[in-house]
Amino acid sequence: MRILISGASVAGPVLAYWLNRHGFSPTVVERAPTLRKTGGHAVDLFRPSLQIIERMGLRRQVLDSEVGTERVTFLMGGAKPIRLDHHSALGVTTDAHIEIMRDDLSEILYQATRDDVEYVFGDSITSIDEGRDEVRVAFERGSLRSFDLVIGADGLHSNVRGMAFGEEGRFARHLGAYVAVATVPDYLGLSAEMITLAVPGRMLALYSPRHLGEARVIFMFRSPGRLDYHYRDAARQKELLREHYAGIGWEAPRLLAELDHAPAFYFDEITQLRMDTWSRGRVSLVGDAAYCPGPAVGASTSMAVIGAYVLAGELAAAGGDHTAAFPAYEREMADYVEKARGYAARMVKQVIPGTPAQVWAGAQALRLIGGLPARVGRALSKRANSMGVHDDVDVKSYPDDLRN
């Protein structure tokens, strides 16, 4: 059974791995000419997604590529800095959570699948024409091809979703905030430390992945209305950051100046997708393309790994019958997705305190967690962060090979 997957970041390769393992013939098409090598930004893998990664035989490679953040220093409201163990701040234990650069994870997943899966780089789907027994797909550069199914694993601004379901605005819910990530020199010599500054309506964080020799700066700020910019206009996006972060002190002026020289820069609104269904005919969606809870606040990478595993498992369990598999996949993921949406909406307010009183309250909570024994502090932080949404989700188990 021939299955086309659009997107080679995380959900795409995980889906391809399990489809191949179940006896299907996946092809992955990726718009970019090669896998990105800039390191990306840090993403989280929680217990259920790590269990899937382990079943793929990739846990050691992922562990070896951990970001390596061990402690977090919070600068809040001009008070004395608050220092916490990284996992205490997140409310997770070290065996249940790994933080890895997104591009490193993509590389690991690609290397694990490249010998068994067809990858087509530097191309993109331009049309999907569904027939009775197959889908005819046209490409920007390649020739017309036919597949049994098409899966969009191409992110929040999914090309496949646009063709199969309509324009993004029909499903996007703005959560009232924006996020930007840039690569900058590690001029502070952070060495396993993340420093976070929080002021009303704005958050800034700086960390250095242990293996890259450079730092990442994260900007997150509130905006009740949508800002006026084009998604490809990086100059305008950087101008917006300078407007919103003017006068907040600490290292902000230096970091804003570094934006002009940043080799990698990302800017987007924190948007949540809400769709009634992720499947239409022989087309389905997975990961951020289907149910992005919100960039930077929703642990969407863990969701992508789980969703890809479940989709492949349901297709195998149904013997390739998409009319049974797609609804089963949606049923299995529905509760998790709904909880993740609520979690992300809460995290926007928690990560970006809106008022001086909220900044003060956040500082007091962090001081309380820091003064408790590590195990108790982590449990309290987990409860406060609702981290169990991603850490304790119950994932259906599928045999590694359902062909027999």
Side-chain angles (χ1 to χ4, degrees), residues 36-46 62-76 81-92 94 97-107 177-199 202-221 238 241 245 248-259 261-268 270 295-302 347-348 350-353 362-363 366 369-370 378 381 385 387:
R36 296 178 180 88
K37 302 292 185 180
T38 59
H41 56 88
V43 296
D44 298 292
L45 294 174
F46 293 99
V62 169
L63 282 171
D64 289 344
S65 297
E66 274 193 282
V67 171
T69 302
E70 298 175 2
R71 57 194 176 277
V72 184
T73 298
F74 295 92
L75 309 176
M76 306 182 74
I82 305 165
R83 292 181 173 85
L84 292 182
D85 167 82
H86 185 223
H87 290 89
S88 291
L90 284 176
V92 296
T94 53
H97 171 258
I98 288 176
E99 194 174 44
I100 183 172
M101 305 307 287
R102 186 180 186 89
D103 291 357
D104 289 342
L105 178 59
S106 295
E107 177 70 26
Y178 286 78
V179 59
V181 183
T183 299
V184 297
D186 182 21
Y187 64 90
L188 293 181
L190 292 174
S191 182
E193 180 181 15
M194 172 185 278
I195 303 177
T196 298
L197 171 68
V199 300
R202 293 161 291 179
M203 184 279 284
L204 186 155
L206 187 65
Y207 67 97
S208 178
R210 64 181 178 182
H211 60 295
L212 291 182
E214 59 195 18
R216 296 290 186 276
V217 57
I218 305 170
F219 301 90
M220 294 177 65
F221 63 94
K238 293 173 184 179
L241 285 178
Y245 282 81
I248 73 167
W250 189 55
E251 296 293 328
R254 167 78 183 264
L255 293 169
L256 291 169
E258 291 289 351
L259 293 179
H261 315 290
F265 176 75
Y266 165 86
F267 183 99
D268 207 346
I270 300 181
V297 294
S300 60
T301 301
S302 273
M347 286 300 291
V348 168
Q350 185 170 320
V351 173
I352 318 170
L366 290 168
I369 291 170
R378 288 173 185 171
S381 179
N385 294 338
M387 195 60 74

List the residues meeting side-chain contact (heavy atoms from CB on, under 4.5 Å) with [X], not counting sequence neighbours, and say none if there are none.
| X | value |
| --- | --- |
| A257 | none |
| A262 | A182 |
| T196 | V72, F74, M194, M203, A205 |
| R71 | A192, E193 |

Using the side chain to side chain contact (heavy atoms under 4.5 Å, CB included) rule, take I248 and F221 through it: C-alpha gap first, then chi angles, then the decisive distance, then the call. CA-CA 12 Å; I248 73 167; F221 63 94; over 6 Å; no
Can you measure from [atom1] ([X]) to [atom2] ([Y]) and round to the nearest 0.5 angstrom?
| X | Y | atom1 | atom2 | value |
| --- | --- | --- | --- | --- |
| D44 | I98 | CG | CD1 | 10.5 Å |
| L206 | L190 | CG | CG | 5.0 Å |
| L256 | L204 | CG | CG | 7.5 Å |
| M101 | H41 | CE | NE2 | 8.0 Å |
| D85 | T69 | CG | OG1 | 11.0 Å |
| E99 | Y207 | CD | OH | 6.5 Å |

Please identify each residue that fulfils salt bridge (charged side-chain N to carboxylate O under 4.0 Å, His left out) with [X], with sequence neighbours left out.
| X | result |
| --- | --- |
| R254 | E258 |
| E251 | none |
| D64 | R60 |

Write down the atom of R210, the atom of G68, and the distance for their closest heavy-atom approach.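 That would be CD-CA, 4.0 Å.
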Kindly give the heavy-atom pair with the smallest separation between F46 and S302, and that separation in Å. N-OG, 2.9 Å
Measure the shortest side-chain to side-chain distance between [X] and [Y] over non-hydrogen atoms and say whether it is less than 4.5 angstrom.
| X | Y | result |
| --- | --- | --- |
| V199 | W250 | no |
| E107 | D104 | no |
| L212 | T183 | no |

With sequence neighbours left out, what residues match F267 under ring pair (Phe, Tyr, Trp, His ring centres under 6.0 Å)?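 For F267 the ring pair (Phe, Tyr, Trp, His ring centres under 6.0 Å) partners, ignoring immediate neighbours, are Y178, Y229.
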For the backbone of V43 and the side chain of T301, can you confirm whether one donor and one acceptor N or O come within less than 3.5 Å of each other?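 A pair under 3.5 Å: no.
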Closer than 3.5 angstrom, by distance alone: can the side chain of Y245 be matched with the main-chain N or O of F219 as a donor-acceptor pair?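 It does not hold such a pair.
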Side-chain H-bond candidate by donor/acceptor type, D186 with S208, under 3.5 Å: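 Indeed, the side chains of D186 and S208 share at least one donor-acceptor pair under 3.5 Å.
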